[in-house]
Amino acid sequence: MHILEGEKAMFNNQLHQEWLEHIDDYINGQIELKNLFQTTESHAEKVIDYVDEQSSFYREHLRNKSGSSSQFKVLDGVPFTTKEDLRFAGTSVCSLPFDKIAMYYETTGTTGTPTPCPRSSIDVETSGAFVKKAMNDVYQARFGTMNALTAIMGPSELYAFGDTYGEICRKLGIPFVRLWPESPRVGLDKAAHLITNLGVRSLICSPAVALALARFYTSIGVAPRETSVDQIFVLGELCTPEMLQNIAHLWGANCSHGLYGSQEAHAVATGCSQGNLHFCETNYLAEILPIPGLEGIGELCLTMLVPGAKPLIRFRTGDLASFSPATNCSCGSHSRCLKVFGRVDDIITIAERQMLPASIESAVLGAVDNVLGYQVAVSTADNGTETIEVSVIATIEPGSIAQIQKKMTDYFAIPVKLNVTEQLDARTETGAYVSWKHARIIDNRKSS
Ligand SMILES: [Zn+2]
């Protein structure tokens, strides 16, 4: 028994090493993307065998259901895994007992029962390798050094975010402070004062937190541009190119994506200095599931290839995404660019047109500069036509309001009223926890 356990541990260590070397070879350019796909399919085959053996949920799931077709032979007919499946399965989806994991996390549970998200060391390191490379590149491009004090502004507790960045900063020698303004022991006031007093140069936070801090500084008479912050990494909620630009402009800083991912699926793509997200090619086999009425954009479906604590097979992320070739970005990465457009559930029909969360955000931020917050209310007028009221916290010259309204009216093809305000519904802060739609859209239409 002991010998068997020992042999298994040795095999696992070897597998772990092989994975890290494989990722290193890919990141260093020794494996080209076109040659990687063959390996990813064979990894998919192995991981399906692995979950079939290790996870009681998958043992049933893979046998009892026949799934839809796939462009990848290895996934053809394999059933999808949905978030509903995960809530129902609980810990039975896990492929390792909890005594053998590295860390235990959960989803936030704001949109349903929390699901367990344990990570083993192979998960942490294979996912972290891409985040480390991305951070290193952006710090080199922005600061020319790792010596830039960084504020990690997100929860740790049951969520991986703070741990992931803490570990990467420590490995790269980036000095950091954990400074989450939403923590009851920190708050916006203390976070803002520490940023100033310590001379923090880089922030890692959600777009909502970047905006909330900018509002706070403005309220105490400090222009965010005058702070020591030169770089902001955003993550955790939808962030369009217009929002990156808006935050960059407000803060007089470079603003780029930190990573796109989730508690369940880890770091799926990482941001580059050019403002794009690049897919972590070695760790997933990705499918884009078509959605009626949408061209070229679909639901991102991931098969997690790393044999860790909880690999998911054909996991429907619920996120709208599209891929474009790596050559579309000038940063030098050879991984495909991943564009994320919000959640499938957050698609909204306005004036009989399907609108993606990203297209609404882009329309608002494309029309108004230096936005410290926004919310969109859709209503039905007495005569039955739909109307939109866009509320923004921003400094707008009274003379340009009509022009902004016209620009948005042309875009939405229905009457748009611009409401400049000093405060918005507290819901606008919750995008990272509940949903973009809950945070940004008020739907007053009678029929919906
Ligand atoms: Zn890039």
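Start at 1 and go down the list; that is how both ligands and their atoms are numbered.
A centroid separation of less than 6.0 Å is found between the aromatic rings of F323 and F279. In this structure, the ring of H278 has its center no less than 6.0 angstrom from the ring center of F130. Ring centers of W19 and H16: at least 6.0 Å apart, outside the cut-off.
R170 and E167 are not joined by a salt bridge, as no carboxylate oxygen comes within less than 4.0 angstrom of a charged side-chain nitrogen.
The minimum heavy-atom distance linking C337 with C329 is given by the pair SG-CB, 3.8 Å.
Legend: protein N/O/S atoms lying under 2.8 Å from the Zn ion (ligand 1), waters omitted, number 4.
Checking T150, T145, N147 one by one against Y139, the side-chain hydrogen bond (donor to acceptor under 3.5 Å, both in side chains) holds for a single residue, T150.
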